[in-house]
2 protein chains.
Amino acid sequence: MLGTYIRKKNRLSPAQFMVLGFAIIILLGALFLNLPIASQNGESVGFINALFTSTSAVCVTGLVVVDTGTHWTVFGKTIIIILIQVGGLGFMSMATLFSILIGKKICLHQRLLIQEALNQYDLSGLVRLTRHILVGTFIIEGIGAIILSMVFIPKMGFLKGLGYGVFHAISAFCNAGFDLMGNFSSLTSYTENIVVNIVIMALIILGGLGFTVIFDIIKKRNFSKLTLHSKIVIFMTSFLILIGFILFFAIEYDNPKTLGNLSFKGKIIASMFQSVTTRTAGFNTIDLAAMKDSSKFLTIILMFIGGSPASTAGGIKTATLGVLILAVIAFIKGKEDVEAFGRRISYSVVNKSLGVVAIGLSIVVFVVMSLSLTEVKFDFLDTLFEAVSAFGTVGLSLAGTPNLSLIGRILIALSMFAGRVGALTILFALSNRKQKNLVRYPEDKVIVG
Amino acid sequence: MLGTYIRKKNRLSPAQFMVLGFAIIILLGALFLNLPIASQNGESVGFINALFTSTSAVCVTGLVVVDTGTHWTVFGKTIIIILIQVGGLGFMSMATLFSILIGKKICLHQRLLIQEALNQYDLSGLVRLTRHILVGTFIIEGIGAIILSMVFIPKMGFLKGLGYGVFHAISAFCNAGFDLMGNFSSLTSYTENIVVNIVIMALIILGGLGFTVIFDIIKKRNFSKLTLHSKIVIFMTSFLILIGFILFFAIEYDNPKTLGNLSFKGKIIASMFQSVTTRTAGFNTIDLAAMKDSSKFLTIILMFIGGSPASTAGGIKTATLGVLILAVIAFIKGKEDVEAFGRRISYSVVNKSLGVVAIGLSIVVFVVMSLSLTEVKFDFLDTLFEAVSAFGTVGLSLAGTPNLSLIGRILIALSMFAGRVGALTILFALSNRKQKNLVRYPEDKVIVG
Ligand SMILES: [K+]
Ligand SMILES: [K+]
């Protein structure tokens, strides 16, 4: 199917196919959300707002211009959670498929084009993998939904509690960050609730690792036997969670508006949760706007890094940062080869990581410079925060996304799309377009630094 | 002399030698500036402030905690300009020597250590090069001083006018950004003065290119014959000046507090001057604090980039950014080799550029996170601005450096030192410590992006 699509040269490339696919889903979602029956007040939310919400849902970002819990009807909420599931799962499975295909072929024949790879690959393998991803998603989300429902049902009654359990389980696993708690409060009423915290964190981490790594762990059950990719992803994820936890804990410890008035256990849970959720999920259990500037800056850095490749996460990705750190370590040690866990990483992967970061930074710089012209009332830190949150499909906000101007809303919607689909396009469209260098130029020196 | 120093294994490495040398000069400067005769009020400025000023002068940064023009006596001003000249010239000539030595040997024997390189190099060549740098500096600064004096003498009388001409010519060529105009006003009273603007801009650009490039231009007189390094540096410098000019002009065009009330010609001159001075010199002819956030953010980016390697400039350097951009272009084009102007750039240079940026970013992130804890009254944008200004040895400030707390002053002084000498240390200490990889590991894939 996909193979046939690609074989014809004049048809869409896989990258174009995906970008268009996502755009169509977003538009469809916007049309549904624009209906009066989607809003509790019985009036259409307005097309730009519907489009913004649909983009945010499909790109699993979680930035919202109207409060999800109080504005939308059950119909609207259902549309949103479907968009999240389709966006999150669609992206993750496509990315997993492609990365496995690319990976398989890249090692054997460095210069093979992705189109050829797709045609040569056994189609039944693709179907099996997709089925595994679907089954895996429903098992993980199902367990999450059951546990969350057990917390919500006693408070809200059976149907609503179950709905809330399912909604938040999907939203957490897809790293979407949408919540139904009302008044943009996210999970601030569950700051010290251990069950909710642990379940949501587990869902976020699993979704943020992606199935490439999850399946690898299930198959090998032994860290030393994992692929290099899984090792780097797991190492970076643990490292980033730990660093974020320590810094949030230390910086906010005495801030009465965030951690200050919590118990010691509460402080630990809340900073751990914030560390996990910040990189891409976008829930929050403490008042982010009340954090110190130092924590806000830390949040911005974590949001930019994001989760792992081929997952529901956004950002430049843990593995990308990992490869760049390894390259810097190689440089500091004066080594020619970039190495990790007894394996060598090729320069083309380092170059690609560099490209991903450069493109990410360019997007953020462009959006920040534009937003600081259009949103003159926003504090600079809030503007930077909003732009990185959109690019990293995180969904946290300091200034309040509903306060954005019309141009601001469009810019942020485009950033979410670019942050989500752009990374994908780059991955698919560029990774394997290896050109043979017809002429190899003589090497010459450049003084840097 | 230097050779003997290095031959003995237990002696200091060239990098340690330089760091120590700069530290001693800074301390000496601080002792002089701490004297009561250095201050116009006849009282010592206080050791921390003297140390801050001396660090700022030797590191050619220009951040000041007391106003240079009104606080210091002629004795104090003389000490400052001597520190600037010694710091700027000392750094530039050492860096040029080392980079030429490194360059010569790197191409022939990739694995040769810098120590051996130094011993094998003809000492008379070193002496000749140093003489050329000294002569070149005095010719360029002399011409600048004469023209500037012709502007200042009619206003201030012969002696003072001449002194101001010499001071600002040295300060501009060394990219130091110190001025004597009083009340932290920098060159804001010369916004539309064509002569002052052109002379200062020419001095800044020449100082920021460095003698590696200046001598190459004088020798070849033909762009196509220049070394790859010179081509990249000239291209990036022109590109950055142009981009900065266009953006400042466009963003501030209608801002009544900056360009708004100037003539069209004045708008052009002022935005051109701001573009040239921002990357490392640190003068200003418009009120920076009155700029829009968008321009402030642009300023931060330009300050981080800085001038060219082996010059008086700070920042990560134009050539470093150039190499990374070329690497990204190679990735986007799907090419294995990083190429420019018909030459290939080795992966080790790309890795080094990556290392320089990573270390620079780490310093800035650390300082910003610390400063936003110690300077709670500072706006985040002002904090970020101050930290990058110190790291890039630029010397521009929004919040006013004198408002920094004691810890803030120490942090900023350390950033200036790290931004200036740290880059140097990295260059010398790490560039040639090539280790043979005893084991070459098998290549393995990592999915990034
Ligand atoms: K999210
Ligand atoms: K400077």
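Order of the sequence lines sets the chain letters (A, B, ...), proteins ahead of strands, with each chain counted from 1.
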Side chain, backbone, both or neither: which part of B:A358 has an atom under 4.5 Å from a heavy atom of chain A?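 For B:A358, side-chain heavy atoms alone lie under 4.5 Å from chain A.
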So for B:V350, is it side chain, backbone, both, or neither that comes closer than 4.5 Å to the heavy atoms of chain A?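 The answer is the side chain of B:V350.
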Could you tell me whether the side chain of [X] and the main chain of [Y] form a donor-acceptor pair under 3.5 Å?
X: B:D293; Y: A:D379; value: no
X: B:R420; Y: B:F391; value: no
X: A:N351; Y: B:A330; value: no
X: A:D337; Y: A:E339; value: no
X: A:K231; Y: A:F341; value: no

Choice from A:L371, A:V368, A:I329 maximising heavy atom contacts with chain B below 4.5 Å: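 With the most close heavy-atom pairs to chain B, the winner is A:V368.
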For each of A:V357, A:V328, A:L381, tally heavy-atom pairs with chain B at distances under 4.5 Å, and name the one with the top tally.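 Top option by heavy-atom pairs under 4.5 Å: A:L381.
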Name the option with the most non-hydrogen atom pairs under 4.5 Å to chain A; the candidates are B:I301, B:L324, B:L384, B:V365.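 Looking at each of B:I301, B:L324, B:L384, B:V365 in turn, B:V365 comes out on top.
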